[in-house]
Amino acid sequence: MKCRGKIIVTLRPGVFDPQGVTIKSALHTLGYGETLEVKTGKFFEVILETESLEKAKERLQEMCDQLLANPVIEQYLLEVEEQSR
Amino acid sequence: MKFGVVVFPGSNCDYDCYHVLANVLQVNTVFLWHEEKDLRSCDCVILPGGFSYGDYLRTGAIARFSPIMQAIRDFIAQGGLVMGICNGFQILVESGLLPGALLPNITGRFICKYTYLRVENVHTPFTHLFTPGEVVKIPIAHHQGNFFMHSPDLLTLRKQEQVVFRYCGPHGERDPRFNPNGSLDDIAGIASANFRVLGMMPHPERCAEDILGSHDGRKIFFSLIQWLEERKSG
């Protein structure tokens with residue numbers, strides 16, 4: 001079964017995000033003064049072939065823990081769906 | 001005595017390290033390609049600066065899976081001497097061989113300049129020739145050198161005297177204006193709990209000869225050489 005994992009990696013609370021701060025000030029310059037905070041992160045889409053959705057989730061979680069996110073500074077959100085043809 | 005300088009795809013300070021060891025300090029030095037699986041009986045391994053794997057994903061995150069890293073892990077487990085400079089430091093923290101993480105600089109910019117460092121621990125193979133609190137001038141060149149860890153870990157790091165170098169002013173004074181990248185606790189370099197693994201953002205290999213404006217970096221390599229010599233003869 002073909003599955004699609006969508007992973008969003010963000011910085012853990014309390015970890016300074018200089019890109020977010022710079023983007024916020026650029027938005028202020030552009031006139032979006034209502035912007036209070038910008039947080040940056042990474043998005044990954046992983047397509048994989050597994051026997052089940054549960055198995056896909058398990059494998060994707062391992063990928064996140066091992067490589068896609070650094071647990072010292074990052075956290076992740078993971079969604080898995082069956083890839084429609 | 002033999003030194004090994006690891007070459008990852010994207011390393012760019014490998015020749016500088018090799019030059020200091022082989023030509024300035026005249027010790028036997030070899031390059032170790034990242035696909036090698038043993039360290040060819042080197043007594044000390046240097047992970048040099050650069051942009052291994054293009055800094056893709058996170059700095060050091062991919063280099064950590066190079067075949068040579070398993071050999072380095074085993075070497076460290078046996079008490080081997082390893083020094084990671086800049087990207088080498090980033091690889092060591094990504095591998096979990098040193099604690100913490102290196103975030104983008106607080107300024108959001110790449111910073112390339114000389115910095116002053118205070119030697120905080122002189123009881124390591126890398127720093128035993130220094131006097132406590134000695135100030136050295138060593139350049140930095142990085143975009144992600146902002147050392148970070150959660151506060152309980154910082155307390156442990158301090159208690160175990162694992163902080164080896166701190167950014168400071170020309171007379172050793174600590175002040176936020178002398179911290180170039182926002183590093184927690186002004187940390188520029190740390191060691192493992194057994195002091196056999198050192199990671200530092202500044203580049204001692206770039207200041208090991210007077211013609212380069214400072215020779216302070218040479219003392220770190222010289223400490224290592226002397227430490228190895230004493231151990232061999234003892």
Side-chain angles (χ1 to χ4, degrees), chain A residues 3-33 35-48 56-80, chain B residues 52-66 69-70 73 87 89-111 142-157 176 179-187 190 199:
Chain A
C3 297
R4 182 202 304 267
K6 291 180 178 177
I7 299 142
I8 296 175
V9 176
T10 53
L11 289 170
R12 279 171 61 170
V15 178
F16 183 65
D17 178 4
Q19 288 192 80
V21 173
T22 308
I23 294 165
K24 184 182 94 173
S25 82
L27 289 171
H28 283 180
T29 310
L30 285 171
Y32 298 100
T35 312
L36 298 178
E37 195 175 359
V38 177
K39 290 181 178 178
T40 63
K42 295 185 188 115
F43 173 74
F44 301 92
E45 192 173 88
V46 181
I47 315 285
L48 61 174
K57 185 156 191 191
E58 191 191 312
R59 298 289 285 172
L60 285 161
Q61 223 148 21
E62 282 174 31
M63 292 179 200
C64 290
D65 294 334
Q66 235 185 73
L67 178 64
L68 301 182
N70 175 349
V72 180
I73 48 171
E74 293 170 328
Q75 56 195 6
Y76 61 86
L77 275 172
L78 167 62
E79 270 176 31
V80 202
Chain B
S52 58
Y53 296 89
D55 278 351
Y56 289 176
L57 190 61
R58 295 178 306 276
T59 55
I62 314 275
R64 162 187 164 206
F65 297 103
S66 277
M69 288 310 291
Q70 188 52 52
R73 232 170 244 285
N87 189 226
F89 185 15
Q90 294 163 340
I91 294 168
L92 289 172
V93 295
E94 274 287 341
S95 308
L97 294 167
L98 284 176
L102 291 151
L103 298 172
N105 297 338
I106 200 163
T107 57
R109 295 178 187 205
F110 188 96
I111 308 169
H142 60 246
H143 188 261
Q144 301 198 24
N146 176 355
F147 184 78
F148 174 84
M149 67 184 357
H150 296 279
S151 31
D153 297 333
L154 179 64
L155 292 179
T156 312
L157 197 79
N179 179 337
N181 53 21
S183 274
L184 184 70
D185 210 24
D186 300 332
I187 288 171
I190 61 167

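Labels below follow one simple rule: chain letters A, B, ... track the order of the sequence lines, proteins then strands, and each chain is numbered from 1.
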CD (A/Glu58) with more than 12 external heavy atoms under 6.0 Å: yes
Distance-only polar pair, side chains of B/Asn181 and B/Ser183, donor-acceptor under 3.5 Å: yes
Which atom of A/Asn70 lies closest to which atom of B/Ala101, heavy atoms considered: ND2-CB, 4.3 Å
A/Gln75 vs A/Pro13 side-chain heavy atoms within contact, under 4.5 Å: yes
Interface moiety of B/Asp153 toward chain A, non-hydrogen atoms closer than 4.5 Å: neither
Atom of A/Met63, atom of A/Leu48 and distance for their closest heavy-atom approach: CE-CD1, 4.1 Å
Residue part contacting chain A, namely of B/Ile106, when any heavy atom lies under 4.5 Å: both
Heavy-atom pair with the smallest gap, counting every atom of A/Val9 and A/Phe44: CG2-CE1, 3.7 Å
Whether over 12 other heavy atoms sit under 6.0 Å from A/Gln19 CD: no
Residues in residues 92-100 of chain B near chain A [non-hydrogen atoms, under 4.5 Å]: B/Glu94, B/Gly100
Segment of A/Leu67 engaging chain B (4.5 angstrom heavy-atom cut-off): both
Per-residue contact mode, A/Glu74 against chain B (heavy atom under 4.5 angstrom): side chain
Over all atoms of both residues, closest heavy-atom pair of A/Lys42 and B/Leu57: NZ-O, 2.9 Å
